[in-house]
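Data block below; observations after.
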Amino acid sequence: MKHSRIKDLLQQETIKESQVNIKGWVKTARHSKDFSFLDISDGSCFSDMQVVASQNLENYKTDISRLKTGCSVSVHGNLVESPGKEQKYEIQATQIDVLGWVDEDYPLQKKRHSFEFLRTIAHLRGRTNTLGAMLRVRNAAARAIHNFFQEKGFIYLHAPIITASDCEGAGQMFRVSVLDAKNPPLTENGNVDFSKDFFGKQAFLTVSGQLEGETAALALSNIYTFGPTFRAENSNTARHVAEFWMIEPEMAFCDLSGNMEMAESFLKYIAKSVWQSCPDDLQFFQKMINPDLFKNLENIIDQPFARVTYTEAIDILLKSQKTFEYPIAWGSDMQSEHERYLTEEVFKKPVIVTDYPKEIKAFYMYLNDDGKTVRGMDVLVPKTGEVIGGSQREDRIDVLRKRMEEMHLSQEAYWWYLDLRRYGSVPHSGFGMGFERFILFITGIQNIREAIPFPRVPGYAEF
RNA sequence: UCCCCGAUAGCUCAAUCGGUAGAGCGGAUGGCUGUUAACCAUUAGGUUAUAGGUUCAAGUCCUGUUCGGGGAGCCA
């Protein structure tokens with residue numbers, strides 16, 4: 001007999017087949033003289049399956065009464081309605097086979113552990129309520145993202161992970177090299193000779209697939225990427241990891257307002273979809289981590305996002321009675337405290353800020369007619385801050401060249417990017433969303449190290 | 001990288017003014033007829049992160065280092 005997923009058994013309105021087999025791990029075991037209660041988890045859903053085992057089972061004394069947290073078992077028995085209050089169904093076991101015992105030093109207990117401790121056992125932490133729920137939510141979110149774009153006819157583009165251009169412009173990069181670190185080949189003037197390296201030049205891990213995404217959008221109209229990205233920045237915060245996943249749609253024939261509409265419906269769709277597919281997991285996060293979770297989700301799903309230009313936002317901040325640690329003025333980038341004031345106190349919902357001064361944004365953003373601002377947009381959400389950043393791209397070759405000059409960027413290195421503006425250039429826009437940032441937002445988890453299975457941060461790359 | 005705070009049993013935490021390192025959970029052993037982080041009893045478990053210093057005496061005071069937390073910068 002093929003074994004059943006606990007999720008499928010518990011979801012039934014009525015019991016269809018009473019003879020069942022489940023396989024999983026003991027979450028808790030409560031033994032008494034003549035029988036035991038075992039809560040079994042197979043990770044398919046938040047809930048465990050309660051198994052009742054009586055002393056009549058032949059291996060009761062030898063095996064079953066010795067089961068404890070972490071043991072793996074296969075249980076055959078009758079699925080029945082449970083007289084207990086905490087679960088709908090339970091299994092009256094007719095046979096329990098122990099698949100794997102646990103050593104005495106099994107670190108997980110049936111009580112709350114600190115996240116800091118769980119990080120030191122990241123290979124086991126998926127068995128806890130919180131991290132298990134996170135992994136299921138992550139999966140549901142990833143599926144929703146693909147569904148959203150696929151339903152709209154977007155093409156999934158696999159942007160390269162290794163890039164030879166050192167100029168993607170989004171931060172410090174990790175070098176990819178096969179040269180002997182102790183004794184690298186040198187050029188005549190004493191520098192490392194990367195022409196002898198694997199790719200014949202310097203290579204790095206990607207920090208963004210956007211530029212490659214633009215090339216595909218100018219061939220296929222609408223594309224998205226969803227892949228790993230890497231930043232070698234020495235940031236030690238609850239919102240940064242060195243390896244994270246990013247979603248970057250790019251749309252031809254699309255201006256900033258189309259971009260905003262897409263970003264907003266994108267966030268609404270994923271939030272709704274995760275809520276529908278993981279209600280128990282989100283319920284748990286609401287109960288244990290963030291009491292405002294459902295309120296925030298309703299906020300994002302039902303309410304239209306607020307939209308303000310950067311100039312208007314600065315105006316609001318200047319006119320507010322609040323005193324900020326960092327004073328704000330037109331032309332300076334908004335600090336965390338300013339973003340939080342806008343999302344949490346002024347609008348109390350997600351806010352899209354647009355049309356930033358060109359000095360504080362990337363070279364590829366479309367220059368407005370005022371000559372001072374660019375068509376960039378940031379989607380800010382309460383607490384988490386920026387989850388999406390995007391822009392209409394500069395599609396006029398002369399303007400783009402001038403901007404690159406101003407920012408001292410090598411036009412030679414970007415030759416293929418500039419080509420897009422020479423051969424059938426079209427207005428196009430796109431945005432990027434950090435996947436783990438979204439997981440933080442939708443679960444209420446506070447540290448990004450708990451939003452990814454195996455976090456990589458400065459000084460730490462275990463497992 | 002900067003500022004602030006912290007590190008005591010496997011885990012979560014106590015330890016008064018500088019004066020004998022404790023509890024709960026987990027583990028082991030035993031008990032218990034429907035439990036829900038079950039309950040009851042017994043028991044083992046410590047170089048107080050690390051290296052120095054002050055003192056008759058340091059978990060406690062001082063300095064360096066490592067790691068962690070909160071905030072900031074950079075950003076997603």
Side-chain angles (χ1 to χ4, degrees), chain A residues 27-39 47-56 65-66 68-70 80 82-87 90 92 102-121 124 128-129 168-172 206-210 228-248 288 324-326 332-340 360-362 378-381 384-390 431-441 446-449 451-452 457-460 462:
Chain A
K27 201 84 159 263
T28 74
R30 298 179 290 278
H31 302 290
S32 55
K33 190 180 167 194
D34 298 326
F35 56 89
S36 300
F37 291 99
L38 307 172
D39 291 341
S47 304
D48 305 324
M49 175 66 81
Q50 174 162 288
V51 170
V52 188
S54 90
Q55 61 167 346
N56 299 328
S65 67
R66 291 170 48 222
K68 55 179 196 165
T69 305
V80 297
S82 173
K85 283 189 178 147
E86 305 282 319
Q87 59 280 320
E90 67 185 22
Q92 301 280 350
V102 298
D103 290 354
E104 282 173 21
D105 58 356
Y106 186 64
L108 290 173
Q109 301 179 20
K110 353 173 201 190
K111 66 161 197 174
R112 214 189 120 93
H113 289 291
S114 67
F115 288 130
E116 293 80 19
F117 171 66
L118 291 176
R119 265 175 233 153
T120 68
I121 49 167
L124 300 172
T128 63
N129 285 337
E168 288 177 353
Q172 291 291 312
T206 183
V207 293
S208 162
Q210 182 198 315
T229 40
F230 308 87
R231 305 276 167 93
E233 259 136 27
N234 188 16
S235 13
N236 285 290
T237 80
R239 289 180 197 77
H240 293 84
V241 273
E243 176 186 288
F244 63 100
W245 288 67
M246 191 149 65
I247 298 97
E248 295 179 289
M288 300 300 286
F324 296 105
E325 193 181 336
Y326 293 87
S332 67
D333 213 350
M334 280 192 276
Q335 311 285 326
S336 299
E337 55 173 342
H338 304 128
E339 297 182 350
R340 293 187 63 152
I360 60 174
K361 287 292 177 185
D378 284 351
V379 181
L380 312 176
V381 296
T384 309
E386 183 185 338
V387 287
I388 283 180
F431 59 85
M433 182 180 83
F435 188 50
E436 286 73 18
R437 290 268 175 95
F438 178 78
I439 299 299
L440 291 184
F441 170 72
Q446 284 168 12
N447 197 310
I448 200 165
R449 293 169 175 87
I452 188 167
V457 294
Y460 189 84
E462 294 303 310

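Hydrogens, waters and symmetry mates are skipped; everything else that's a heavy atom, side chains included, is used. All chains are named by letter (A, B, ...) in the order of the sequence lines, taking the proteins before the strands, and each is independently numbered beginning at 1.
- By the 6.0 Å contact criterion, CD on A:Gln87 is enclosed, its count of non-hydrogen atoms from other residues, nucleotides or ligands being greater than 12.
- The residue among A:Gly434 and A:Thr237 whose nearest nucleotide of RNA chain B is located toward the 5' end is A:Thr237.
- A:Gly389 comes within 4.0 angstrom of no nucleic acid atom, judged by non-hydrogen atoms across all strands.
- For A:Gln446 against B:G70, a side-chain-to-base donor-acceptor contact under 3.5 Å is absent.
- A:Gln50 and A:Arg30 share a side-chain donor-acceptor pair at under 3.5 Å.
- Here A:Pro83 lies in heavy-atom contact (under 4.0 Å) with a base.
- In terms of position on RNA chain B, the residue among A:Phe35 and A:Ala29 whose nearest nucleotide sits closer to the 5' end is A:Phe35.
- Between the C1' atoms of B:A44 and B:G27, the separation comes to 9 Å (whole Å).
- Aromatic ring orientation, A:Phe35 versus A:Phe37: perpendicular (interplanar angle above 60°, classes split at 30° and 60°).
- For B:C11, the base has no donor-acceptor partner in the side chain of A:His113 [N/O atoms by modelled type, under 3.5 angstrom].
- Heavy atoms of A:Phe117 sit under 4.0 angstrom from primed sugar atoms or phosphate atoms, though from no base atom.
- When both pairing distances are held under 3.5 Å, B:G6 makes a Watson-Crick or G-U pair with B:C67.
- The listed nucleotides are B:G68, B:U12, B:A72; the one nearest the side chain of A:Glu116 is B:G68.
- Rounded to a whole angstrom, the distance from the C1' atom of B:C13 to that of B:G34 is 33 Å.
- Between B:A58 and B:A49, the two P atoms lie 15 Å apart (nearest whole Å).
- With both ends at atom P, the span from B:A15 to B:G6 equals 13 Å, rounded to whole Å.
- Each of B:C74, B:G34, B:U36 was ranked by its minimum atom distance to the side chain of A:Glu86; first place goes to B:U36.
- Here the C1' atom of nucleotide B:G69 and the CZ atom of A:Arg449 are 10 Å apart, to the nearest Å.
- When the P atom of B:C75 is taken as reference, atom CD of A:Glu436 falls 19 Å away, rounded to whole Å.
- When rounded to the nearest whole Å, the span between CD of A:Gln87 and C1' of B:A38 equals 13 Å.
- Side chain A:His240 to base B:C74: a donor-acceptor pair is found below 3.5 Å.
- Look at CG on A:Leu108: it is 12 Å from P on B:G27, rounded to the nearest Å.
- Nucleic acid contact class of A:Lys85 (heavy atoms, under 4.0 Å, all strands): base.
- Between B:G69 and B:U8, the distance separating the two P atoms is 14 Å to the nearest Å.
- Side-chain atoms of A:Ser32 lie closest to B:A38 of the nucleotides B:A38, B:U36, B:G69.
- Of the N and O atoms on the side chains of A:Glu248 and A:Ser208, at least one donor lies less than 3.5 Å from an acceptor on the other residue.
- A:Glu243 comes within contact range of no nucleotide atom at all, as no heavy-atom separation falls under 4.0 Å.
- A:Gln109 contributes no side-chain N or O that forms a donor-acceptor pair with the base of B:G24 under 3.5 Å.
- Counting to the nearest Å, the P atom of B:C74 and the CE atom of A:Met334 are 13 Å from each other.
- For A:Lys111, no side-chain nitrogen or oxygen approaches OP1 or OP2 of B:A37 to under 4.0 Å.
- Distances shorter than 4.0 Å separate none of the side-chain N or O atoms of A:Lys27 from OP1 or OP2 on B:U36.
- Dashed line: the shortest gap from a side-chain N or O of A:Lys110 to OP1 or OP2 of B:C11 is not under 4.0 Å.
- Syn is the glycosidic conformation of B:C17, whose angle stays within 90° of 0.
- Listed here is the closest heavy atom pair of A:Ala451 and A:Leu440: CB-CD2, 4.0 Å.
- Atom OG of residue A:Ser47 and atom CD of residue A:Glu86 lie 10.5 Å apart, to the nearest 0.5 angstrom.
- Side-chain atoms of A:Thr229 come within 3.5 Å of backbone atoms of A:Phe244 as a donor-acceptor pair (strictly under, hydrogens ignored).
- Counting any heavy atom pair closer than 4.0 Å across all strands shown, A:Ser336 reaches sugar-phosphate atoms only and no base atom.
- For A:Asp378 and A:Lys361, the salt-bridge test passes: some basic side-chain N is under 4.0 Å from an acidic carboxylate O.
- Among the heavy atoms of the strands lying under 4.0 Å from A:Glu90 is at least one base atom, whether or not backbone atoms are also near.
- Using P as the reference atom, B:G30 and B:U16 are 39 Å apart when rounded to the nearest Å.
- Between A:Arg119 and B:G69 there is a side-chain N or O to OP1 or OP2 distance below 4.0 Å.
- Distance check on atom P: B:C67 versus B:G24 gives 35 Å, rounded to whole Å.
- B:A72 and B:U1 make up a base pair, with Watson-Crick or G-U wobble contacts both under 3.5 Å.
- Distance noted for atom C1' between B:G52 and B:A41: 47 Å (whole Å).
- Across all strands shown, A:Val387 has heavy atoms under 4.0 Å from sugar-phosphate atoms exclusively, and none from any base.
- Under the Watson-Crick or G-U wobble criterion, with both distances below 3.5 Å, B:G18 has no partner in any strand shown.
- Atom CZ of A:Phe37 is separated from atom C1' of B:C39 by 13 Å (rounded to the nearest Å).
- Side-chain proximity of A:Lys33 to the nucleotides B:G70, B:G27, B:C32 is greatest for B:C32.
- Side-chain nitrogen and oxygen atoms of A:Arg30 include none within less than 4.0 Å of the OP1 or OP2 phosphate oxygen of B:U35.
- Side-chain N/O atoms of A:Asn236 include none lying less than 4.0 angstrom from OP1 or OP2 on B:U1.
- Between A:Asn234 atom CG and B:A72 atom P the separation is 17 Å, expressed in whole Å.
- The phosphate of B:U12 (OP1 or OP2) has a side-chain N or O of A:Ser114 nearer than 4.0 angstrom.
- Considering only side-chain N and O atoms, A:Thr28 lies under 4.0 angstrom from the phosphate OP1 or OP2 of B:A38.
- Using Watson-Crick or G-U wobble geometry with both donor-acceptor distances under 3.5 Å, B:A23 finds its partner in B:U12.
- Across the protein-nucleic acid pair, A:Phe435 atom CZ and B:C75 atom C1' stand 19 Å apart, rounded to whole Å.
- Between the side chains of A:Ser65 and A:His31, no donor N or O sits under 3.5 Å from an acceptor N or O.
- The nearest pair of heavy atoms linking A:Thr69 to A:Val102 is O-CG2, 3.7 Å.
- The partner of B:G52, taking Watson-Crick or G-U wobble pairs whose two distances both stay under 3.5 Å, is B:C62.
- B:A44 is unpaired under the Watson-Crick or G-U wobble criterion, no partner having all donor-acceptor distances under 3.5 Å.
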